[in-house]
Undergrad: 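Below you will find the structure I want to go over with you.
In what follows, every heavy atom counts, from backbone to side chain, and hydrogens, waters and symmetry copies are set aside.
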Amino acid sequence: MTQTDHRICQLNHPGFRMLGEPVFRLSEGQRLPSMVVQIDNHEAVLPLRSIAHEFRIEPDSADGQMLALIEQALEFVVVLHLGEALPSELDSGEASWTPTLLDRQLAASRFWHELVRSMTARSGHGAKISAVSPGWENIPPNHELLRAAIQAAAGELGGLDAGEITERAAAISGEMAYVETMRRALMRGMSDPRDKLFPPLSAPIPAVRREMLQQVQTLARRGMKEINRRLDEADVPLDDTLGMLRDPPAAIEGLRVQRDRLFRLNRAWEPVFADWARMSGHVDDFFWQAVERTYAFLAPRFMSFQEWAIVGGRPKATGLRGKVW
């Protein structure tokens, strides 16, 4: 299969159209890559790997390769139809979505801030700079610091001029903007469960439910710690802004890897974030339903095998066959 073929979702086996035009999406619950068809006015959700086995599609065949690409594509899009273009992440590496203007501005300001910090540290003259905010570098005193840092970086990189440094920085910060968008989405998403799941409950509750709530709180802390670790990892390249300017293609490739990891992480957590965003904060039936769904999401990801036990009315945690982020 050529690279051009990869850009369009197309499958040749007649079984894929036997029941009408299929739709590809993740299944509810276990979120497995699946084909969805209508049978007698009802949706039939068929895991792609089961279909490949049923249709005897070999992994290295054209359809086998396309099914693998569809699985990857569903990490970036909600729904995919036959004949549609696959996400650009699978081809050019560019994102199939765009960051906000605010995130672009923040990314540029963060990059310039780190460059100023790095170059002043190299010169032995530490610069005290206030917290970064979009447009930080346009304030006159800061702009002068930035101008000096750009000149110093140009000298360090073998005589590049200020225009070349600025151009490289713009390309790098343009990719950083995607990471900033994901950072904001994840931080915003974590705020509702943090505010509504962790505060102690004033009303008395049955022991079984209290035990389950404590277990979910423990797992949620682990999950949020993992999210924060991933966000910290995405910031590591900024420790060497000069290195990023020296080799922009490598810097951009690394940022795209981080971008896609955070995007998949956010998509995996979205149902949990949405649940808690809808919560009023009252301990009612909706609250306990959210606790149960949150447990079902967290347990396979953050509970060790030894901890994996069913206690009282706790929902059963079933293993996932799909990818776990």
Undergrad: Quickly, which of L67, L48, L11, I70 forms a side-chain contact (heavy atoms from CB on, under 4.5 Å) with M35? Name it, please.
TA: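 Answer after filtering L67, L48, L11, I70: L48.
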
Undergrad: What verdict does the side chain to side chain contact (heavy atoms under 4.5 Å, CB included) test give for R264 and R267, after you've listed the backbone C-alpha separation in whole Å, the side-chain angles of each residue and the deciding distance to 0.1 Å?
TA: CA-CA 5 Å; R264 290 191 292 262; R267 278 203 67 193; 5.7 Å; no

Undergrad: Where do G189 and F273 come nearest, in terms of heavy atoms and distance?
TA: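 What the structure gives for the nearest pair is O-CD2, 3.1 Å.
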
Undergrad: Does the pair T241 and F111 meet the rule for a side chain to side chain contact (heavy atoms under 4.5 Å, CB included), with working shown?
TA: CA-CA 7 Å; T241 50; F111 185 84; 4.0 Å; yes

Undergrad: Checking R301 side chain against F297 main chain: does a donor-acceptor pair fall under 3.5 Å?
TA: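 Checking the backbone N and O of F297 against the side chain of R301, a donor-acceptor pair under 3.5 Å is found.
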
Undergrad: Evaluate the side-chain proximity of L146 to E144: yes if any heavy-atom separation is below 4.5 Å, no if none is.
TA: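 Answer no - side chains too far apart.
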
Undergrad: If I compare all heavy atoms of F76 with all of S96, which pair ends up nearest, and what's the gap?
TA: CB-OG, 4.5 Å

Undergrad: Please report the C-alpha distance between F287 and W276 in whole Å, then the side-chain angles of each, then the deciding distance to 0.1 Å, and finally whether the ring-ring contact (aromatic ring centres under 6.0 Å, His included) criterion is met.
TA: CA-CA 8 Å; F287 175 87; W276 290 100; 5.5 Å; yes

Undergrad: Using a 3.5 Å distance criterion without hydrogens, assess whether the side chain of S61 forms a donor-acceptor pair with backbone atoms of I57.
TA: no

Undergrad: Before giving the answer on side chain to side chain contact (heavy atoms under 4.5 Å, CB included), spell out for R256 and E89 the whole-Å C-alpha distance, their side-chain angles and the decisive distance to 0.1 Å.
TA: CA-CA 9 Å; R256 287 178 174 178; E89 286 88 347; over 6 Å; no

Undergrad: Within a radius of less than 6.0 Å around CD of E253, do more than 12 heavy atoms belonging to other residues, nucleotides or ligands occur?
TA: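 No, because the 6.0 Å sphere around CD of E253 holds 12 heavy atoms or fewer from other groups.
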
Undergrad: If you count every heavy atom of other residues, nucleotides or ligands that lies below 6.0 Å from E28 atom CD, does the total exceed 12?
TA: no

Undergrad: Examine I39 and I51 and state if one hydrophobic cluster contains both, with Ile, Leu, Val, Met, Phe, Trp and Tyr joined whenever side-chain heavy atoms are less than 4.5 Å apart.
TA: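 Same cluster.
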
Undergrad: Looking only at side-chain N and O atoms, does T100 offer a donor or acceptor that is under 3.5 Å from a partner on D103?
TA: yes

Undergrad: Are L46 and V23 connected, step by step, through hydrophobic side chains (Ile, Leu, Val, Met, Phe, Trp, Tyr) whose heavy atoms are closer than 4.5 Å?
TA: no

Undergrad: Can you check salt bridge (Lys or Arg N to Asp or Glu O under 4.0 Å) on R246 and E156, steps first, answer last?
TA: CA-CA 9 Å; R246 182 177 289 110; E156 290 276 356; 5.6 Å; no

Undergrad: Roughly how far apart are R261 CZ and E75 CD, rounded to 0.5 Å?
TA: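 Here the rounded value is 12.5 Å.
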
Undergrad: Assess whether atom CZ of F198 is packed by more than 12 heavy atoms of other residues, nucleotides or ligands within 6.0 Å.
TA: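 Check passes, neighbour count above 12.
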
Undergrad: Taking all non-hydrogen atoms of both residues into account, name the closest pair between P33 and E71 and its distance.
TA: CB-CG, 3.7 Å

Undergrad: Do R168 side-chain atoms and L245 backbone N/O form a donor-acceptor pair below 3.5 Å?
TA: yes

Undergrad: Any salt bridge linking E43 with R25? Criterion: basic side-chain nitrogen under 4.0 Å from a carboxylate oxygen.
TA: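 Looking at E43 and R25, the cut-off is met.
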
Undergrad: Short question: side chain of K196, backbone of S280 - any donor-acceptor pair under 3.5 Å?
TA: no

Undergrad: Has Q65 got a side-chain atom pairing as donor or acceptor with D60's backbone, closer than 3.5 angstrom?
TA: yes

Undergrad: Where the side chain of D91 meets the backbone of R7, is there a donor-acceptor pair that is under 3.5 Å apart?
TA: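 Pair absent, no side-chain N/O of D91 close to backbone of R7.
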
Undergrad: With side chain to side chain donor-acceptor pair (under 3.5 Å) as the criterion, how do E94 and S88 come out once you've worked through the C-alpha distance, each side chain's angles and the decisive distance to 0.1 Å?
TA: CA-CA 6 Å; E94 296 180 357; S88 54; 5.7 Å; no

Undergrad: For the side-chain contact (heavy atoms from CB on, under 4.5 Å) test, which of I227, L262, D235 pairs with R183?
TA: D235

Undergrad: Can you tell me how far OG of S109 sits from CG of N138, rounded to the nearest 0.5 angstrom?
TA: 7.0 Å

Undergrad: Show the nearest heavy-atom pair for residues N12 and A62, with the distance to one decimal.
TA: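 For N12 and A62, the tightest heavy-atom pair comes out as ND2-CB, 4.4 Å.
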
Undergrad: Can you find a heavy atom in the side chain of H143 that is under 4.5 Å from one in the side chain of E137?
TA: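 Side chain of H143 against side chain of E137, heavy atoms only: no contact under 4.5 Å found.
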
Undergrad: Of all the heavy-atom pairs spanning V45 and S34, show the shortest one and how long it is.
TA: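 Where V45 meets S34 most closely, the heavy atoms are CG1-CB, 3.6 Å.
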
Undergrad: Between L265 and R230, is the side chain to side chain contact (heavy atoms under 4.5 Å, CB included) condition met? List the steps.
TA: CA-CA 9 Å; L265 184 65; R230 297 280 191 94; 4.0 Å; yes

Undergrad: Using a 4.5 Å cut-off on heavy atoms from C-beta on, say whether the side chain of L102 contacts that of P134.
TA: yes

Undergrad: If hydrophobic clusters are built from ILVMFWY residues whose side chains come within less than 4.5 Å, do V291 and I205 share one?
TA: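 Yes.
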
Undergrad: Is there a donor-acceptor pair closer than 3.5 Å between any side-chain N or O of T181 and the backbone N or O of A177?
TA: yes

Undergrad: Once you measure the plane-to-plane angle for W97 and Y178, does it fall in the parallel (<30°), tilted (30-60°) or perpendicular (>60°) bin?
TA: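 Perpendicular, since the angle between the ring planes exceeds 60°.
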
Undergrad: In Å and rounded to the nearest 0.5 Å, what is the CG to CG distance from L197 to L219?
TA: 10.0 Å

Undergrad: Look up atom CE in M182 and atom CG in N266, then write down how far apart they are to the nearest 0.5 Å.
TA: 5.0 Å

Undergrad: Please check: side-chain N/O of E164 versus main-chain N/O of D161, any donor-acceptor pairing under 3.5 Å?
TA: yes

Undergrad: One thing to verify: whether R110 and E180 come together as a salt bridge, which I'm taking to mean a side-chain N less than 4.0 angstrom from a carboxylate O.
TA: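 Answer for the salt bridge query: yes.
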
Undergrad: Are L86 and M66 side-chain neighbours, meaning at least one heavy-atom pair lies under 4.5 Å?
TA: yes

Undergrad: Rounded to the nearest 0.5 Å, what separates atom CZ in R222 from atom CE in M224?
TA: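 It comes to 14.0 Å.
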
Undergrad: Could you state the interatomic distance from OG (S133) to CD1 (I139), rounded to the nearest 0.5 Å?
TA: 6.0 Å

Undergrad: Taking E226 first and then R229, would you say they form a salt bridge - that is, a charged N and a carboxylate O separated by under 4.0 Å?
TA: yes

Undergrad: Could you tell me whether D284 atom CG has more than 12 heavy atoms of other residues or ligands within 6.0 Å of it?
TA: yes

Undergrad: Around atom CD of E270, are there more than 12 heavy atoms from other residues, nucleotides or ligands closer than 6.0 Å?
TA: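 Enclosed: over 12 neighbouring heavy atoms sit under 6.0 Å from CD of E270.
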
Undergrad: Work out which heavy atom in L255 is nearest to a heavy atom in M244; give both atom names and the distance.
TA: CD1-CE, 4.0 Å

Undergrad: Any side-chain heavy-atom pair from W288 and V283 closer than 4.5 angstrom?
TA: yes

